[in-house]
Q: 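Have a look at this one.
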Amino acid sequence: MFFNVSIEHSSAFLDPVIECWDIDLKTFSVEVLLSKRLASARTVRFQFVETNGIPTVNEEPGLREFLRNPGMSGDASEEEINFLKSLKFVRKRPSALYYYRELQSLRDPLHFPAGPKSGKFPRRGARGTDDAKRRTSRKRAIRA
């Protein structure tokens with residue numbers, strides 16, 4: 001849902017809250033000084049940062065360990081590694097095992113089912129073969 005707010009409507013709300021603001025056109029950062037009476041935080045800073053193409057500076061230690069272990073990451077594709085690198089964590093730091101399990105989760109067909117190529121779902125039970133197999137396996141399980 002989108003709202004269209006005119007300058008007149010927003011200024012009626014924002015004028016009492018904002019004491020002053022400053023914008024840096026080189027970095028597109030905006031620093032806003034808020035009213036002491038109406039806001040709990042005194043200064044708010046907004047910054048626009050380009051993220052595409054910038055390598056991650058702070059690589060997670062668990063990711064580093066995962067990538068160094070060929071038993072865990074040896075068959076990972078570049079696309080899968082880029083996905084794992086894009087994961088961001090605020091408080092907790094995942095281990096190498098977390099990244100290994102995340103990789104397995106990416107590959108699990110139950111998580112990302114491939115749709116049928118013909119546009120139709122495959123028929124089950126054609127000529128009763130699937131039903132007969134199921135009944136036979138149930139009988140074996142009951143006998144055991």
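As the structure is a computational prediction, the values presented were derived from the model and not from experiment. Along the sequence shown, the residues carry numbers beginning at 1.
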Q: Are V30 and L25 connected in a single hydrophobic cluster, I mean Ile/Leu/Val/Met/Phe/Trp/Tyr linked by side-chain heavy atoms less than 4.5 Å apart?
A: yes
Q: Would you indicate whether the side-chain heavy atoms of T43 and V32 approach each other to under 4.5 Å?
A: no
Q: Please name the pair of heavy atoms, one in P70 and one in R68, separated by the smallest distance, quoted to 0.1 Å.
A: CD-O, 3.1 Å
Q: For a quick test of reading the model, state the closest non-hydrogen atom pair linking P16 to S35 and the distance between them.
A: O-CB, 3.6 Å
Q: So how far is it from L106 CG to S77 OG, rounded to the nearest 0.5 Å?
A: 8.5 Å
Q: List the atom of E80, the atom of A76, and the distance in Å for their closest heavy-atom pair.
A: OE1-CA, 3.4 Å
Q: Does R37, at its CZ atom, have more than 12 non-hydrogen atoms belonging to other residues, nucleotides or ligands within less than 6.0 Å?
A: no
Q: Please answer: with hydrophobic residues joined when any side-chain heavy atoms are less than 4.5 Å apart, are L33 and W21 in the same cluster?
A: no
Q: So E102 and F83, do their side chains get closer than 4.5 Å, heavy atoms only?
A: yes
Q: Under a 4.0 Å threshold between the charged nitrogen and the carboxylate oxygen, would E60 count as salt-bridged to K85?
A: no
Q: To the nearest 0.5 Å, how far apart are OH in Y100 and OG in S105?
A: 12.5 Å
Q: State the CG-CG distance between L87 and N82, to the nearest 0.5 angstrom.
A: 11.0 Å
Q: Report the distance from atom OG of S73 to atom CG of L63, rounding to the nearest 0.5 Å.
A: 9.0 Å
Q: Rounded to the nearest 0.5 Å, how far apart are OH of Y99 and CE of M72?
A: 12.0 Å
Q: Considering only heavy atoms from C-beta outward, does the side chain of S29 approach that of I23 to under 4.5 Å?
A: no
Q: Filter on ring pair (Phe, Tyr, Trp, His ring centres under 6.0 Å), then keep only pairs touching residues 60-79, sequence neighbours left out; what's left?
A: none
Q: Do L97 and E65 have side chains that approach each other closer than 4.5 Å (heavy atoms only, starting at C-beta)?
A: no
Q: Hey, are D24 and R45 close enough for a salt bridge, meaning a charged N less than 4.0 Å from a carboxylate O?
A: no
Q: Does a sphere of radius 6.0 Å around CZ in R107 hold more than 12 heavy atoms from other residues, nucleotides or ligands, not counting ones at 6.0 Å or beyond?
A: yes
Q: Could you state the interatomic distance from CD (E19) to CG (L34), rounded to the nearest 0.5 Å?
A: 8.0 Å
